[in-house]
Amino acid sequence: MPVKTTLDFLRLQGDALWAGGEFTAKVLTEPLLDQVAPRADGATPVLTLPGFSGPEVSLRPLNRFLNRRGFVADSWGLGINRGPESMDYIATLGSLLGDRIKSMADENGKAVSLIGQSLGGVYARELARMFPKDVDRVITLGSPANLRPGHHHGINKGVRMASRLIMGRPVEELLNEAEIEELALHEPPKDVPLIAIYSPYDGVVHEDLAMIPEEFLDTGDATPRENIEIICSHIGMGVNPLVLLAVADRLLEDRNKWRAFNARDYMPEPLKGLPKLFFPEAAMMVHSSYA
């Protein structure tokens, strides 16, 4: 087995172990998190989409947390995310979830926020592109953002091998198909705020692939786009207390008066320096068209 493949398998195993620790941290810090995290108004709809091979239950902790904080959060309702067999699945996904998104928006009187982990975030961006009037914003958790032909090496080799077995096609072939069909998967959806949460220690998607490309930041089109760097695993993003805090905060940020996420806002004065350990300083800079 090639050295890189071996290292990628070790990274994947380490990521899974780290995620277990993050779940424990969530259980232990839940009472504190429920006290400090911002609260919604009981009519702010959120739809979550799991990552590749992830069952809906994988984001249940995130949904439960958001519902306790006054959001109306629910899973996508399509079961395990088995990935696309072809790029035609993007249009199929629009048919499967379009009415659901519109009904959630109508029932709550507000556009729906989409949160996708890993591949679920790729889907969320495309759904926002299809239904911009019904989608308020998109938050991605460790999702490949700079998806273009040749960029598949930023995805863990073990995951790419698994995706080939499950989907029947390699990732690079699907990316080439997307380019032929002129699907600009690397471009943020127009007029919809996009927040990319990523980790420099992600064991599945390299940080350079998970960040919104520089060319789409500060474009002057008045659509907020923000990269938030958090020290966490890939698999455990949906349970990591720091990620949950950032998600709740970004869901409630006024899209017309956008301010960059700053974890220090939730810390008492003696602990203002603590977030630097988990939220690198760069993550606190404005990464949008707002200075």
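What you see is a predicted model, and the numbers here were worked out from it, not measured in a lab.
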* Chi angles and distances behind the side chain to side chain contact (heavy atoms under 4.5 Å, CB included) call for Thr48, Asp74 -> CA-CA 6 Å; Thr48 60; Asp74 200 1; over 6 Å; no

* Asked: Minimum heavy-atom separation for Ile231 to Pro200, with atom names?
  -> CD1-CG, 3.6 Å

* To do: Look up atom CD1 in Ile197 and atom CG in Asp202, then write down how far apart they are to the nearest 0.5 Å.
  => 12.5 Å

* Check the pair Leu12, Val204 against side chain to side chain contact (heavy atoms under 4.5 Å, CB included), reporting the backbone distance first and the verdict last. => CA-CA 6 Å; Leu12 192 58; Val204 176; 3.6 Å; yes

* Is the backbone of Asp8 close enough, under 3.5 Å, to the side chain of Asn156 for a donor and an acceptor to pair up by distance? -> yes

* Asked: Does the side chain of Val112 reach to within under 4.5 Å of the side chain of Val135, using non-hydrogen atoms?
  -> no

* Asked: Would you say Gln117's side chain and His234's backbone share a donor-acceptor pair under 3.5 angstrom?
  -> yes

* Structure fact -> Separation between CG (Leu127) and CD1 (Ile90), nearest 0.5 Å, reads 8.0 Å

* Is it possible for you to say whether Val57 and Val247 belong to one hydrophobic cluster, with membership spreading through side-chain heavy-atom contacts below 4.5 Å? => no

* Asked: Is the backbone of Arg11 close enough, under 3.5 Å, to the side chain of Asp15 for a donor and an acceptor to pair up by distance?
  -> no

* Asked: Rounded to the nearest 0.5 Å, what separation is found between the CZ atom of Arg250 and the CH2 atom of Trp258?
  -> 5.0 Å

* Would Arg169 and Glu85 pass as an ion pair if we require N to O under 4.0 Å? -> no

* Structure fact -> From the list Ile115, Leu59, Val72, side chain to side chain contact (heavy atoms under 4.5 Å, CB included) with Leu66 holds only for Ile115

* Below 4.5 Å, heavy atoms only, C-beta onward: do Ser143 and Arg125 meet side chain to side chain? -> yes

* Asked: Any chance CZ of Arg160 has more than 12 other-residue heavy atoms, nucleotides or ligands included, within less than 6.0 Å?
  -> yes

* State plainly whether the residues Lys110 and Asp41 are in salt-bridge range, i.e. N to O under 4.0 Å. => yes

* Non-hydrogen atoms of Gly51 and Ser118 that approach each other most closely -> CA-CB, 4.0 Å

* Can you tell me if OH on Tyr266 sees more than 12 non-hydrogen neighbours from other groups inside 6.0 Å? -> yes

* Is a donor on one side and an acceptor on the other found under 3.5 Å between the side chain of Ser86 and the backbone of Asp88? -> yes

* Short side-chain to backbone donor-acceptor contact, Asn63 and Ala73, under 3.5 Å -> no

* Side chain to side chain, Tyr198 and Asn227, heavy atoms closer than 4.5 Å -> yes

* For the residue pair Val239 and Ala19, what are the closest heavy atoms and their distance? -> CG2-O, 4.3 Å

* To do: Could you please spell out the steps behind the side chain to side chain contact (heavy atoms under 4.5 Å, CB included) verdict for Leu245 and Leu242?
  => CA-CA 5 Å; Leu245 177 63; Leu242 304 174; 5.5 Å; no

* To do: Kindly give the heavy-atom pair with the smallest separation between Ser58 and Pro55, and that separation in Å.
  => OG-O, 2.6 Å

* Taking everything shown except Lys102 itself, do over 12 heavy atoms lie less than 6.0 Å from its NZ? -> no

* Are Leu62 and Val27 connected, step by step, through hydrophobic side chains (Ile, Leu, Val, Met, Phe, Trp, Tyr) whose heavy atoms are closer than 4.5 Å? -> no

* To do: Ignoring hydrogens and angles, tell me if any N or O in the side chain of Asp136 forms a donor-acceptor pair with the backbone of Ala111 under 3.5 Å.
  => no

* **Glu172 CD to Ile155 CD1 distance, which is reported to the nearest 0.5 Å** => 9.0 Å

* Asked: Quick one: does Arg69's side chain have a donor or acceptor within less than 3.5 Å of a partner on Ala37's backbone?
  -> yes

* Non-hydrogen atoms of Ser233 and Met237 that approach each other most closely -> O-CG, 3.1 Å

* **Considering all heavy atoms, the nearest Pro61-Gly238 contact** => CB-O, 4.3 Å

* Taking C-beta and beyond as the side chain, do Ser199 and Ile230 meet within less than 4.5 Å on heavy atoms? -> no

* Could you tell me whether the side chain of Leu47 reaches within less than 4.5 Å of the side chain of Met104, counting heavy atoms only? => yes

* Asked: So do Glu229 and Phe279 actually touch side chain to side chain, heavy atoms under 4.5 Å?
  -> no

* Would Phe216 and His186 satisfy side chain to side chain contact (heavy atoms under 4.5 Å, CB included), going step by step from the backbone distance to the final call? -> CA-CA 9 Å; Phe216 299 116; His186 64 286; 3.8 Å; yes

* Check the surroundings of atom CZ in Arg82: do more than 12 heavy atoms from other residues, nucleotides or ligands lie under 6.0 Å from it? => no

* Side-chain contact test, heavy atoms from C-beta onward, threshold under 4.5 Å: evaluate it for Glu22 versus Cys232 and give yes or no. => yes

* Does CG in Asp99 sit with more than 12 non-hydrogen atoms of other residues, nucleotides or ligands closer than 6.0 Å? -> no

* To do: Could you tell me whether Glu56 and Arg60 make a salt bridge, using a distance below 4.0 angstrom between a side-chain N and a carboxylate O?
  => no

* To do: Please check if Phe23 and Leu244 belong to a single hydrophobic cluster, counting links between Ile, Leu, Val, Met, Phe, Trp and Tyr side chain heavy atoms closer than 4.5 Å.
  => no

* To do: Decide, yes or no, whether a salt bridge links Arg68 with Glu30 under the criterion of side-chain N to carboxylate O below 4.0 Å.
  => yes

* Approximate separation, where rounding is to 0.5 Å, of Leu49 CG and Ser75 OG -> 7.5 Å

* Asked: Would you find more than 12 non-hydrogen atoms of other residues, nucleotides or ligands less than 6.0 Å from Met130 atom CE?
  -> yes

* **Leu251 side chain reached by Thr44 side chain, heavy atoms, under 4.5 Å** => no

* **Aromatic plane relationship, Tyr123 with Trp76 - under 30° parallel, 30 to 60° tilted, over 60° perpendicular** => parallel

* Leu114: which of Val46, Leu97, Ile101 passes side chain to side chain contact (heavy atoms under 4.5 Å, CB included) -> Ile101

* To do: Give a yes or no answer on whether the side chain of Asn81 reaches the backbone of Ser53 with a donor-acceptor pair at less than 3.5 Å.
  => no

* Asked: With sequence neighbours left out, what residues match Leu252 under side chain to side chain contact (heavy atoms under 4.5 Å, CB included)?
  -> Pro38, Ala40, Phe71

* Going by an N to O cut-off under 4.0 Å, is there a salt bridge joining Asp249 and Arg259? -> no

* Can you tell me how far CG of Leu194 sits from CD1 of Ile212, rounded to the nearest 0.5 angstrom? -> 4.0 Å

* Asked: Does a sphere of radius 6.0 Å around CZ in Arg39 hold more than 12 heavy atoms from other residues, nucleotides or ligands, not counting ones at 6.0 Å or beyond?
  -> yes

